Each structure stands twice: as C-alpha cells, then as structure tokens.
2 protein chains.
Amino acid sequence: MARSVQNLYCAGMPRPREFDENHVLLAIRDEFWDKGYAATTTDDLLRVSGLGKGSLYGAFGDKRSLFLRVLRDYDDANLLMLRERLASAARGIDVVREFVLGLTGDPTGAVARRGCLLANSNGELAASTPDVAAEARRTYDAIATVLTAALERAQGEGDLDPGVDPSEAARAALVAQLGLIALGRTGMDIGALTAMARSALARLLPAPAQ
Amino acid sequence: MARSVQNLYCAGMPRPREFDENHVLLAIRDEFWDKGYAATTTDDLLRVSGLGKGSLYGAFGDKRSLFLRVLRDYDDANLLMLRERLASAARGIDVVREFVLGLTGDPTGAVARRGCLLANSNGELAASTPDVAAEARRTYDAIATVLTAALERAQGEGDLDPGVDPSEAARAALVAQLGLIALGRTGMDIGALTAMARSALARLLPAPAQ
DNA sequence: TCCATTGTGGCCCGTTCGGTCCAGAACTTG
DNA sequence: CAAGTTCTGGACCGAACGGGCCACAATGGA
C-alpha cells in the first residue's frame, strides 16, 4: 500500500510532457464552445487536442473536471481583459459601450451566433450542475463591479448623467449584454442586433443634460 | 407492397388511444424544461408520460421530433397568452411591465432558476439544430410585434413618453427580459434580480414629462 | 548502464443511449 | 362471432458513451 520512504530521496525524474497545456486547453475550450458540453464527446476532445486518453485523463481528470477547468480559465481571462481595458481606456464609458456592443463587432454574425461560453454553459447546465451556476454568479458579479467602476469614472469624465446610479446602470448594461447574447444565438440579422444594442445603450447610459 | 383497395371501404376500426395527448405533452415539456434536451433520456420521457416505447414513438416520432413539437406548442401557447393579455389589459404598458417582470413573480426563485424553455433550448441547441434557432427567431419576432402594439397603446394612454419609438422600446424590453432570464438561471438572489428588472424598466419605459 | 518515475496512446470494458420490432390486447364493423 | 386495424409495452439491438487499464517510451539521477 504505502510507498517506501526511501523513494523520497532517491527518485528518478519523470518523463516530461510532450504537449503545451495552454494550447490544448484553448483547443478544448473552442470545442466545448462550438458544440456545448453534452454534445462534445471524449473522442472530439482527443481529436482536437491531439492527445491520447491516458494523457488527457492523467492531466485534467474526467470530462466534467476538464470542462469546469476550461470554463474557469475562460471567465478569468475575460475578467482580466475587462479590467485591463478599464485601466487603459481613454474614457470609462468606452469600456461599457464596448462590453455591450462586443458581439456586434463581427459583420458576418459568426461571433454573435457562437455567443459566450459562460452564457451558453449556464443555459445548458445551470439546472443540473450547481458548480456552473455558482461560477456564473461569481463572474457576473465581478463583471458588474468592474462596469460600476467604469461608470463612476464616466460620470467624473462628464460622459454619464450624474443622476444615474452607476451600480444600477452597470447591472442594466450586463442584463442588456446577456439579452443580446441570447438573441445573437438565434442567428438573427446582425444589423438588427447592432441596432438594438445601440438603442439599448442610448437609453441605459444617458449623457449629462447640457 | 400496395395495400388492396378493398380495405378502404371495409376496414375495421382501430383500438382507441388510452392516453390524453395534451397531458402527456405537458409532462414531457416539463421534463425537457427541467433537464434540458441532451440530459433527458428516453427512459425519462417514458417515466413521466407513463407510456411504453411503442406508444410514444408511434404517436410522436423520435426524441428530436417530440422535442420540437413540445417547443413549438410552448411558444404558441405563450404567444397566445401574451396577445390575450394585451386584449384584456387595462393599460398597454402593464403588458410590457408584466412581460419583463415575469420571472420575478415567484419569491422562492424557483421560477427564475427554471428560466424559459425557449431560451434554455436556444442556448443549448441553436448551434447544432437550426430548427431551434429558427423557431427562436420566429417567436422573438412575434413577441416584439405584440410588445410594440402594447407600447403604441401605452403612448395613446399617456403611460409612455411620446418621444420613444415603440418598436425600439419593445425590442429593448425583449432584450432585457432575455438578460434577466439568463441571470435568473444562475440562481442569484431573487430580490436583486427583481431590483434589476424594475430599474431596467424605469430606464426603458420613461413616463411622459408632465 | 540501470533504475525509478511519469508521460503516452490505444485497447478494452461495462453502461446507457436512442430506436426498432413483435406478440398480444382492445376495439369497431360486418 | 370473426376479421381487420391500431394501440400497447417490453424485449431486444447496434452504436457510442465515459472511463479504466496496461505495455511501452522517455527522461535524469545513481
């Protein structure tokens, strides 16, 4: 049962990994993103990662663990990107506008049809996998916090009506983005989607009365 | 191959069905709603319907056809309900308010966590099943049309700022509702969700300036 | 050079999936 | 009552699923 203690100070060195973990995780993320959790088979994961079963299971555990890992990485990366945008943005309001308009940037509509991995996963799995729902709550709350900071800055910069509560408006922007993601998934005309996003932004983020 | 013609005028009458089709369809709808498409097994469907495999497949075809049937029935019923509400509502604006606040009506949050069958299905299957995406487009477009009519009435009744474009505001209300559905699925606090819904409504449906 | 250790990939297994099929039951008509 | 038709439910099937397992490769220290 227990390994002998002598192994602790007299161990051979293991064979190093032959694959790049980040590269594999991104390929797997794309597969889950395109197909959804249930529709992605283990064979799909092996194919896009180029690994064998032993390697994949040895490195990341089973399908569910791998999915949660990928989802958390995705969320963390997006949050980091949002915070960096706020840090480097010329104006706070630009961050919120870009956040809401995000999916409309691609004129082919492919990005809109693909949606957001977190939103898609939450829709598919929230009922059966509490971990996914909790992850979504955590992420959306963090996003709302960043957007609130952006709108507070926007008020100081004269881009947002001072009568607006930044926290409420930030949450309204989040709601709008999630609604646009849902509509984008239906494959509706990208021009109409863009118009809706702009119209919603105009209502939610009123400029100060001159 | 071809059946003889004499059967046409000399046929015995078949054994009648032993189940109520509507009752079965509602039970199956609830199962798909609670678990999602992929996570619902044929055994689940047999269990909740109380039928055997022969009956279920004979009456509705395979799992996919059955799901599409249930989804279309669900959409049609909701559209009909929305139109009837508009026809019988005291004020047009009430219809839109109820539409956006819909999921927040249950203080336990169970309704919000369950979400909307169409929104859930669209999130899970839009990428792989064009029929579902098309159904979602059709339904959301029809909803927007009804909401537009409701807001036009609201302007005539003095409940909505005449400067607001009813069609744009209706689509914004739809976006907001879809965003709230997505957030509700995360299981977030129902009070916070309600506050967000009310705050979004106040921004999207401004009363006329007195 | 040999050993200890971990990476590697594919073979293999039990389970469960969606779906078909069939033998008998129920029922109306002649 | 006999015939013809559909309904019913469960036995059955091939396929694909997720996952365990193992023989071998690669590596660096002793």
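All of these numbers come straight from a predicted model, not from anything done at the bench.
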How close or far is atom [atom2] of [N] from atom [atom1] of [X], stated in whole angstroms?
| X | N | atom1 | atom2 | answer |
| --- | --- | --- | --- | --- |
| B/Lys63 | D/dA16 | NZ | C1' | 14 Å |
| B/Phe60 | C/dG18 | CZ | P | 17 Å |
| B/Leu51 | D/dT6 | CG | C1' | 15 Å |
| B/Leu56 | C/dC21 | CG | P | 17 Å |
| B/Ile28 | C/dG18 | CD1 | P | 13 Å |
| A/Phe32 | D/dG18 | CZ | C1' | 12 Å |
| B/Leu46 | C/dG18 | CG | P | 10 Å |
| B/Asp44 | C/dG18 | CG | C1' | 13 Å |

Within-4.5 Å side-chain heavy-atom neighbours: B/Val48 and B/Asp30:
no
Residue whose nearest DNA chain D nucleotide is more 5′ - B/Gly54 or A/Asp43
B/Gly54
Minimum-distance nucleotide (side-chain atoms of [X] versus [options]):
| X | options | answer |
| --- | --- | --- |
| B/Lys53 | C/dG19, C/dC11, D/dG9 | C/dG19 |
| A/Tyr57 | C/dG19, D/dT8, D/dG18 | D/dG18 |
| B/Asp62 | D/dG19, C/dT8, C/dG19 | C/dG19 |

Can we say B/Asp73 and B/Arg29 salt-bridge, meaning some charged N sits less than 4.0 Å from an Asp/Glu carboxylate O?
no
Looking at A/Glu168 and A/Arg171, does any basic side-chain N land under 4.0 Å from a carboxylate oxygen?
no
Could you verify whether a donor N or O on one side chain and an acceptor N or O on the other, from B/Asp106 and B/Thr108, lie under 3.5 Å apart?
yes
How is A/Thr40 classified with respect to the nucleic acid when contacts are heavy atoms under 4.0 Å: base, sugar-phosphate, or nothing?
sugar-phosphate
Has A/Ser55 got a side-chain N or O lying under 4.0 Å from the OP1 or OP2 atom of C/dG9?
yes
Contact under 4.0 Å: A/Thr42 side-chain N or O vs D/dG18 OP1/OP2
yes
Does CZ in A/Arg153 sit with more than 12 non-hydrogen atoms of other residues, nucleotides or ligands closer than 6.0 Å?
yes
